[in-house]
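I have placed the structure first, in the form of structure tokens, so that the comments after it can refer back to it.
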Amino acid sequence: MTSRLSSGTGVAARTGTAARRPRRRSSPLPIALAFLAPALIALLFLRIAPAAVALWQSMFQSGLLSGDRFVGLGNYIDLFASPDFQGALGVTLLFTVLINPIQVAVSFLLAVLYTKRLAGAKIWRSLVILPIAVPPAVSAVMWSVIYRPDGLANAFLDLFGIPPQPFLTSPQQALVSIMVLLSWIGVGYWMMFLIAGINDVPRSYYEAASLDGASSWRQLWSITFPLVRRPLAFVLVADTVSNLLVFAPVQILTKGGPEGSTNLLMYDIFTRAYTLGDLNTAQAEVVILVLVTVLIVGVQFRLLKAED
């Protein structure tokens, strides 16, 4: 009897100890990796692997007789010594410096305007967003008709007594004409992000500012702009990357001309790879474009962080 009691007591003690022992929680890392696996695989095969291949191939030079031979940084040296590449790089940097602030500023002002309770604001907002549904190639074809000598643009200028303009055939106007087309396409898209950011600002801030006698411009500068800094930062960076990769409008409307005034880096890469057949130098130019993009975006992040 005593042995049975002691045995039962020991079992109960062990059971109580086991019950009091905290259960070891399973690590969430495998579950997180399982959910992230599709995105990580896509990132590896669609971004990292092609970038690595481009970097490797940019250090070779192919010839019909010599085959592939390692040249190291020779393709990069040849590129920076090429007047065509220098012109394309200069045009791309000028294009980026001009178009990004214009598109972001116009998108922000339209977002502020179309979040006001004005008559017809929703209709106008829908019209501004409408070009997003049109593919860039189709938009380029539409604007090629608008920019014709007898097109809609010159007809509109004629109402103000302005003589017909060459637009796409002028070295001074071709790049600006491309900017107008890209802004027509992109402004509505970026405006949607900024409208969402503005709608997240509490209305009580504007009501308090109105009671203090703040004007609409004062409210815009002191309330709206600071509280929409994060969406603005995203739009600026995304817009920069998007404009550095512009290709279809240039290919359809100007083919880099006239006189190389619209020869952006993406089109120059296409020309080297598929017109001249110099794939290795084109890969080197791809690497340079990526580095330029990373540098510009890095500077933007640094400036935005410094302002914060």
Side-chain angles (χ1 to χ4, degrees), residues 46-62 71 73-104 135-137 139-140 143 168 170-183 185-186 190 236-301:
L46 299 179
R47 291 291 184 266
I48 298 177
V53 170
L55 179 61
W56 177 251
Q57 291 183 350
S58 69
M59 298 183 182
F60 287 83
Q61 190 61 261
S62 301
V71 295
L73 299 178
N75 289 326
Y76 296 92
I77 296 173
D78 292 341
L79 270 177
F80 281 102
S82 169
D84 292 337
F85 173 76
Q86 293 174 6
L89 181 61
V91 169
T92 301
L93 293 177
L94 175 64
F95 174 78
T96 303
V97 169
L98 292 178
I99 194 171
N100 293 333
I102 293 174
Q103 286 189 349
V104 174
S139 297
W143 279 83
L168 299 175
S170 167
Q172 290 75 34
Q173 298 181 10
L175 188 63
V176 177
S177 301
I178 296 291
M179 291 181 187
V180 172
L181 161 61
L182 294 173
S183 298
I185 297 172
W190 305 121
L236 176 61
V237 172
D239 187 40
T240 299
V241 175
S242 175
N243 287 324
L244 283 170
L245 301 179
V246 168
F247 170 74
V250 176
Q251 164 69 5
I252 294 172
L253 295 178
T254 63
K255 291 181 170 51
E259 300 178 12
S261 59
T262 60
N263 187 29
L264 301 177
L265 279 179
M266 275 299 298
Y267 183 77
D268 197 59
I269 292 170
F270 170 83
T271 303
R272 290 183 186 277
Y274 300 105
T275 302
L276 303 178
D278 192 355
L279 292 175
N280 299 102
T281 306
Q283 296 282 34
E285 198 166 357
V286 169
V287 174
I288 293 173
L289 177 59
V290 171
L291 293 177
V292 169
T293 304
V294 171
L295 178 62
I296 293 176
V297 171
V299 170
Q300 290 175 344
F301 272 121

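If you're wondering where the values come from, they're calculated on a predicted model, not measured in any experiment.
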Where do Leu264 and Asn243 land on the side chain to side chain contact (heavy atoms under 4.5 Å, CB included) test, with the steps shown first?
CA-CA 10 Å; Leu264 301 177; Asn243 287 324; over 6 Å; no

Closest non-hydrogen atoms of Val71 and Phe60, given as atom of the first, atom of the second and distance, are CG2-C, 3.9 Å

Can you sort out the partners of Asp268 under salt bridge (Lys or Arg N to Asp or Glu O under 4.0 Å), two or more places apart, ordered by chain and number?
Arg272

For residues Ser170 and Pro258, report the shortest heavy-atom separation together with the two atoms involved.
C-CG, 3.6 Å

Atom pair CD1 (Ile288) and CD (Gln283), whose distance is rounded to the nearest 0.5 Å:
12.0 Å

Could you measure the distance from the CD atom of Glu285 to the CG atom of Asn280? Nearest 0.5 Å is fine.
13.0 Å

Would you say the side-chain atoms of Asn263 and Asp84 include a donor-acceptor pair closer than 3.5 Å?
no

Step by step, would you call Leu245 with Leu289 a side chain to side chain contact (heavy atoms under 4.5 Å, CB included)?
CA-CA 9 Å; Leu245 301 179; Leu289 177 59; 4.1 Å; yes

Verify whether one side chain among Ser58 and Asn75 offers a donor that lies under 3.5 Å from an acceptor in the other.
no

Considering all heavy atoms of both residues, which atom of Leu168 and which atom of Ser177 are nearest to each other, and what is their separation?
CD2-CB, 3.8 Å

Taking all non-hydrogen atoms of both residues, which atom of Leu181 and which atom of Pro249 are closest, and how far apart?
CD2-CB, 3.7 Å

For Ile185 and Ser139, which heavy atoms make the closest approach, and how far apart are they?
CD1-CB, 3.7 Å

Can you measure from CD1 (Ile178) to CD (Gln173) and round to the nearest 0.5 angstrom?
12.5 Å

Could you give the distance from OG (Ser261) to CD (Gln172), rounded to the nearest 0.5 Å?
8.0 Å

Supply the atom-to-atom distance Gln300 CD to Asp239 CG, rounded to the nearest 0.5 angstrom.
9.0 Å

Rounded to the nearest 0.5 Å, what separation is found between the CG atom of Leu276 and the OG1 atom of Thr281?
9.0 Å

Would you say Thr254's side chain and Thr262's backbone share a donor-acceptor pair under 3.5 angstrom?
no

Stepwise, does the side chain to side chain contact (heavy atoms under 4.5 Å, CB included) test hold for Leu175 with Val91?
CA-CA 9 Å; Leu175 188 63; Val91 169; 4.3 Å; yes

With side chain to side chain contact (heavy atoms under 4.5 Å, CB included) as the test, would you mind laying out the steps for Ile269 and Phe247 before giving the verdict?
CA-CA 10 Å; Ile269 292 170; Phe247 170 74; over 6 Å; no

Using the side chain to side chain contact (heavy atoms under 4.5 Å, CB included) definition, which of the options Leu98, Leu244, Val292 pairs with Leu93?
Val292

Any donor-acceptor pair under 3.5 Å from Thr271 side chain to Tyr267 backbone:
yes

Between Ser242 and Trp190, what is the shortest heavy-atom contact and its length?
CB-CZ2, 4.3 Å

Gln86, CD atom: more than 12 neighbouring heavy atoms under 6.0 Å
yes

Check whether any side-chain heavy atom of Phe95 sits under 4.5 Å from a side-chain heavy atom of Leu182, and report yes or no.
yes

